[in-house]
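What follows is a single structure, written as structure tokens, with notes after it.
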Amino acid sequence: MIRPLPEELRGLLARGEVVFSLRDVVRELLENALDAGAKRVRVELYGGGRERIVVEDDGQGIPLAELPLAVEPFATSKLLDPGRITTLGFRGQALYALRQAALLRIRSRPRFQVGGGLLLARGERVEVREVPAPPGTRVEVVGWEGEGSEREVAELLRRYLLHYPWLSLAFFAEGEARLLFPGAGLKEAARLAFGRVLTERLLPVEREAGGMRLQGLLSGPQASRTRPDLLFLAINGRPVAWPEGLLKTVRRAYRELLPEGHFPVGVLNLTLPLEAFRLRLDARKEEVAVLEEVEAFVEEGLREAFQRHNLARSLPEPRPLMPLSPPTPSGLPPLRYLGQFRGSYLLAEAGDTLYVVDQHAAHERVLYEEFQRRLKEEGLKELPYPVLVELSPAEEALFPERQEALASLFALEAFGPGRVRLLAAPSFLHPYPLLLPEIFREALRGEGKSLAELLARLACLPAVKAGHPLSRAEGQALLDALLRCQTPWVCPHGRPTLLALKEEDLIRRFGRRSGARVGEEARPRRQEDSFPEAPGPQRG
């Protein structure tokens, strides 16, 4: 039932914006339709929205007696407790604001009501009369003069379909269909939002525990952006901005799968108990804060998804070459070395898959995990003799605040103004005494912003470079070492180490009917004669 909000609630909501642009108008009307339980929505624009905006739905409708109240300020059927908001809209200001800016025409009928009602409102004039009407609501905004474009509306609708992929949605501009979506599910909604090629690279994410549920699609390491502008989040169906802590959680879950400063592409839909998040009432209804338990739940859900999919490019559930071979930590099959291409890439096979391995990236990964393991197991070892490091005035000023971070790599002591002595370091750095001062300065300046990043930079130095020839034994040894890694499919900087090409892809590209049988060489097919044989001599 629609009713005016009490004054104490109005004070909480008064600072929130309602309608500024064409996008805002369509969003408010679309959210009203979704709150009314609509399964089908039709959006129409005429004259770029300035002539007429129409949003029609098959939701529960507004009773005739409540139609006049629906366009009054702070009148709504949605808000009962500001701490337990279960609907997209709750302020009761949108229709009132539209009535002040344009002619508002609302035709509506609940299913239980015989006949519908038509409301015409502009400024202070409101008129209501009975009319025939199908179940649901049709809202028309006529003569609205705000800013906005058809493109922005289309982007908005595609965004909402990522969170309501069961919704049947039609969008028309000037009478021509711009978007027709039959409620075909999240994968199809993603194709509208991200395009067909990118969508094929998205991995399904799903988890449910403790009254929380996570569903979505996220890219692996082969697709990322330097901004989270194609990473969308909804909580209980509400599209929201990413809370800072939750966005950091996503980055942490990806760890070195993505380069520093990059974000995945995709969408996450969270269903949470009302006490697990808080919505800011005085903002754009997009700012939320979530409990730490939610961040932990999301991180675990992402890690489970990554484990299921291995995250190598185009890597579909590889099958081992030899079924009795022991499994590798990552689940990748043992690889058999075939050769080297242009002194930079190793070619290998496993089962029905051809692998191309970037030898530099692979060796970086091997060294990086070896450095991590040795640092954890061996700690810092005393250097054969102390190494003196001269500091610039800027570096000397940084030293007090970076001293704790430096302790993870070095034991040291001050040795007069502008000098320190390195007394101990990880054993894998001992063979490079001339590099130690520069490594120390790099860590001091924070160029390796974390220990992991610094180790990644260290792994790059001795790793075999592109263009360096490897023998068969060296190539096979590098492949074996890569497969013993916990995360073999990316280098420490987030670049892929290997690509995979299935035999079925080769068969399709070469136009063959089938490939080699397991354990057999492919036999060439006998060529059919182009002409029939000449007939033999006739006997007569």
Side-chain angles (χ1 to χ4, degrees), residues 220-222 224 254-262 310-313 315 328-330 332 334-348 355-378 381 408-410 425-443 445-500:
Q222 71 273 38
S224 66
Y254 273 82
R255 294 179 299 174
E256 68 269 13
L257 292 177
L258 293 180
E260 183 70 24
H262 281 233
N310 280 337
L311 288 186
R313 284 193 185 182
L315 203 59
T328 60
S330 65
L332 289 173
L335 301 181
R336 186 169 74 88
Y337 176 84
L338 299 177
Q340 190 182 33
F341 176 66
R342 295 184 64 80
S344 301
Y345 304 97
L346 308 183
L347 305 181
Y355 291 84
V356 182
V357 180
D358 183 322
Q359 65 187 37
H360 176 69
H363 199 198
E364 275 187 322
R365 165 53 61 179
V366 171
L367 291 172
Y368 172 73
E369 293 201 7
E370 176 70 7
F371 290 166
Q372 284 186 315
R373 182 188 64 78
R374 292 180 63 181
L375 184 59
K376 180 179 179 181
E377 294 177 358
E378 302 170 4
K381 298 278 189 175
S408 62
L409 274 182
F410 299 101
S427 57
F428 55 78
L429 292 179
H430 287 204
Y432 311 102
L434 297 180
L435 281 178
L436 281 173
E438 186 55 38
I439 293 170
F440 174 81
R441 290 191 188 94
E442 192 170 289
R445 293 192 296 264
E447 293 182 10
K449 296 182 179 61
S450 64
L451 177 61
E453 186 176 351
L454 186 59
L455 292 180
R457 291 168 70 88
L458 293 176
C460 184
L461 297 174
V464 61
K465 300 300 187 285
H468 183 83
L470 296 178
S471 68
R472 171 175 289 273
E474 290 171 329
Q476 186 64 60
L478 179 53
L479 293 175
D480 293 342
L482 179 65
L483 293 182
R484 288 194 294 271
C485 292
Q486 294 296 322
T487 313
W489 42 82
V490 286
C491 80
H493 310 290
R495 293 191 304 108
T497 58
L498 51 84
L499 307 176

Would you find a donor on one side and an acceptor on the other, under 3.5 Å apart, between the side chain of [X] and the backbone of [Y]?
{"X": "Glu378", "Y": "Arg373", "result": "no"}
{"X": "Gln359", "Y": "Gly343", "result": "yes"}
{"X": "Thr497", "Y": "Ala361", "result": "no"}
{"X": "His493", "Y": "Glu364", "result": "no"}

Hey, what do you get for [atom1] ([X]) to [atom2] ([Y]), rounding to the nearest 0.5 Å?
{"X": "Arg374", "Y": "Leu429", "atom1": "CZ", "atom2": "CG", "value": "9.0 Å"}
{"X": "Phe341", "Y": "Leu346", "atom1": "CZ", "atom2": "CG", "value": "12.5 Å"}
{"X": "Leu409", "Y": "Phe440", "atom1": "CG", "atom2": "CZ", "value": "10.0 Å"}
{"X": "Leu338", "Y": "Gln340", "atom1": "CG", "atom2": "CD", "value": "12.5 Å"}
{"X": "Ser344", "Y": "His468", "atom1": "OG", "atom2": "NE2", "value": "11.0 Å"}

> So among Leu482, Asp358, Leu479, which one has a side chain to side chain contact (heavy atoms under 4.5 Å, CB included) with Leu498?
Replying inline: Leu482
Minimum heavy-atom separation for [X] to [Y], with atom names?
{"X": "Tyr368", "Y": "Pro492", "value": "CB-CG, 3.4 Å"}
{"X": "Tyr337", "Y": "Leu470", "value": "OH-O, 4.1 Å"}
{"X": "Ala425", "Y": "His430", "value": "O-NE2, 3.1 Å"}
{"X": "Leu478", "Y": "Ala362", "value": "CD1-C, 4.3 Å"}

> Step by step, would you call Glu369 with Thr487 a side chain to side chain contact (heavy atoms under 4.5 Å, CB included)?
Replying inline: CA-CA 9 Å; Glu369 293 201 7; Thr487 313; 3.9 Å; yes
>> Quick check on Tyr345: does its OH atom have over 12 non-hydrogen neighbours (other residues, nucleotides or ligands) under 6.0 Å away?
In response: no
>> Checking Phe410 against Leu436 for the side chain to side chain contact (heavy atoms under 4.5 Å, CB included) test, could you report, in this order, the C-alpha distance in whole Å, the side-chain angles of both residues, the deciding distance, and whether it holds?
In response: CA-CA 10 Å; Phe410 299 101; Leu436 281 173; 3.9 Å; yes
> What residues, two or more places apart in sequence or in another chain, satisfy salt bridge (Lys or Arg N to Asp or Glu O under 4.0 Å) together with Glu474?
Replying inline: none
> How far apart are the C-alpha atoms of His360 and Arg495, what are their side-chain angles, what is the distance that settles it, and do they pass the side chain to side chain contact (heavy atoms under 4.5 Å, CB included) test?
Replying inline: CA-CA 11 Å; His360 176 69; Arg495 293 191 304 108; 4.1 Å; yes
